[in-house]
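Single-structure report; data block below.
Hydrogens, waters and symmetry mates play no part in the numbers below; they use all other heavy atoms, side chains included. This is a predicted model, so every value here is computed, not measured.
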Amino acid sequence: MRHPLASPFLIAAVASSALVSSQAMAYGKGDFFTRVGVAKVVPKSDSGDLVHGALEASIDEDSGFAYTIGYRFHDKFGVELLAAAPFEHGVNLEAFDGSDIGADVDSLPPTLTLQYYPLGGLESRVQPFFGLGVNYTHFSDERIDVKGADLELDDSWGAAAQMGVDLIISDHWAATTSITYADIDSDVELDGEDIGSVDVDPVVVMGGISFYF
């Protein structure tokens, strides 16, 4: 004989499971998330001239650990903060006579974006997203291969744009890739004297995993 409570318990269990599954796959309003992975920062190839054109600056790319935290306040909209360990860039200063001066600088580029998810709220396993926001880049530990010289790059504020995609793996996990462009310009000083500015304007390519909760 079947227990009289078996059916209600079974129905409740199935309904609860379906509700959890539906909420997890809803991919939308109320979700907190974090993305963790590796980011590659690729500055523009020509970053500008210094000392009234006597030096041409170019900045090398670098890769490192990056992560984000975010919140979806609507099925189709959310906010995300991109952070990272400092990136270390080699800087090449080429003189008009063909000689080179080497330098290095660390950058820390947190970026806050307002994101749009066109398929948010739908049970699609491919979820593209687009973002617009602001970047702040802090430069530190500047070094130049000129004995006794002091190099300094000012911090930068600028606009940022982003696009990416989440490939849903399970209820909480996704594989993620994104591309972010940031408008980064910095005034440069050598021994306290203004010698011009550099346009870094990098593309940041990030790949990793996402966790939604």
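- Taking 4.0 Å as the cut-off between side-chain N and carboxylate O, R125 and D166 do not count as a salt-bridged pair.
- Residues satisfying the side-chain contact (heavy atoms from CB on, under 4.5 Å) criterion with D154, sequence neighbours excluded, are E152, S186, D187.
- Considering only heavy atoms from C-beta on, D183 stays 4.5 Å or farther from N135 through its side chain.
- The shortest side-chain heavy-atom distance between T177 and V165 falls under the 4.5 Å cut-off.
- The heavy-atom pair separating M206 from A66 by the smallest distance is CE-O, 3.6 Å.
- In this structure, the side chain of S124 engages the main chain of V126 through a donor-acceptor pair within 3.5 Å.
- No continuous path of ILVMFWY side-chain contacts below 4.5 Å connects M163 to V205, so the two sit in separate hydrophobic clusters.
- At a threshold of 4.5 Å between side-chain heavy atoms, the hydrophobic network of Ile, Leu, Val, Met, Phe, Trp and Tyr places F130 and L112 in two separate groups.
- Side-chain contact check for V203 versus I179: some heavy-atom pair is nearer than 4.5 Å.
- Under a hydrophobic-cluster definition in which Ile, Leu, Val, Met, Phe, Trp and Tyr are linked whenever side-chain heavy atoms come within less than 4.5 Å, directly or via other members, F73 and F213 are assigned to the same cluster.
- Cluster partners of V41, using a side-chain heavy-atom cutoff of under 4.5 Å among ILVMFWY residues and allowing indirect links, are F87, V204.
- Other members of a hydrophobic cluster containing V38 are absent, since no ILVMFWY side chain comes under 4.5 Å of it, directly or through relayed contacts.
- Remark: side-chain polar atoms of S107 are not paired, donor with acceptor, to backbone N or O of V105 under 3.5 angstrom.
- Considering only heavy atoms from C-beta on, P202 stays 4.5 Å or farther from V42 through its side chain.
- By the 4.5 Å heavy-atom criterion applied to side chains, R72 and Q115 are not counted as neighbours.
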**Item:** Derivation of the side-chain contact (heavy atoms from CB on, under 4.5 Å) call for V198 and L153
**Value:** CA-CA 9 Å; V198 290; L153 275 72; 4.2 Å; yes

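- We find the OG1-CD distance between T111 and Q162 to be 8.5 Å, quoted to the nearest 0.5 Å.
- Here Y136 pairs with D155 under the side-chain hydrogen bond (donor to acceptor under 3.5 Å, both in side chains) rule; sequence neighbours left out.
- Listed by chain and residue number, W173 satisfy the side-chain contact (heavy atoms from CB on, under 4.5 Å) test with I209 (two or more places apart in sequence, or in another chain).
- The side-chain contact (heavy atoms from CB on, under 4.5 Å) test applied to F65 returns V36, Y67, not counting sequence neighbours.
- Using a 4.5 Å heavy-atom threshold, the side chains of L132 and L114 count as separate.
- Counting only distance, with no hydrogens or angles, the side chain of T34 and the backbone of T68 share a donor-acceptor pair below 3.5 Å.
- Taken from CG in D31 to NZ in K29, the straight-line distance is 11.5 Å, to the nearest 0.5 Å.
- Residues meeting the side-chain contact (heavy atoms from CB on, under 4.5 Å) test with E88, sequence neighbours left out: D62, D104, D106, R143.
- Here the side chains of I101 and N92 are not in contact, with every heavy-atom distance at 4.5 Å or above.
- Dense packing is recorded around NZ of K76, with more than 12 heavy atoms of other residues, nucleotides or ligands lying under 6.0 Å away.
- Sorted by first then second residue, the side chain to side chain donor-acceptor pair (under 3.5 Å) pairs that include residues 189-207, not counting sequence neighbours, number zero.
- When the ring-ring contact (aromatic ring centres under 6.0 Å, His included) test is applied to H138, no partner is found at least two apart in sequence or on another chain.
- Annotation: ring-ring contact (aromatic ring centres under 6.0 Å, His included) contacts involving residues 177-205, sequence neighbours excluded, are absent.
- Taking CD from Q127 and CG from L167, the interatomic distance works out to 10.0 Å, rounded to the nearest 0.5 Å.
- For the ring pair (Phe, Tyr, Trp, His ring centres under 6.0 Å) with Y117, the qualifying choice from F129, Y212, F77 is F129, the only one to do so.
- Residues satisfying the ring-ring contact (aromatic ring centres under 6.0 Å, His included) test with F139, not counting sequence neighbours, are none.
- Smallest separation of non-hydrogen atoms from P110 and L81: CB-CD1, 4.5 Å.
- Side-chain contact between E61 and H89 is absent, with no heavy-atom pair separated by less than 4.5 Å.
- When all heavy atoms are compared, the tightest approach of A84 to L108 is O-CD1, 3.0 Å.
- Criterion: ILVMFWY side-chain heavy atoms under 4.5 Å apart, direct or through other members. Under it, F33 and L82 are not part of a common hydrophobic cluster.
- Closest approach of A57 and L50 over heavy atoms only: CB-CD1, 4.3 Å.
- With sequence neighbours excluded, the residues satisfying ring-ring contact (aromatic ring centres under 6.0 Å, His included) with Y71 are F32.
- Residues L93 and I184 share a single hydrophobic cluster, defined by chaining ILVMFWY side chains whose heavy atoms lie under 4.5 Å apart.
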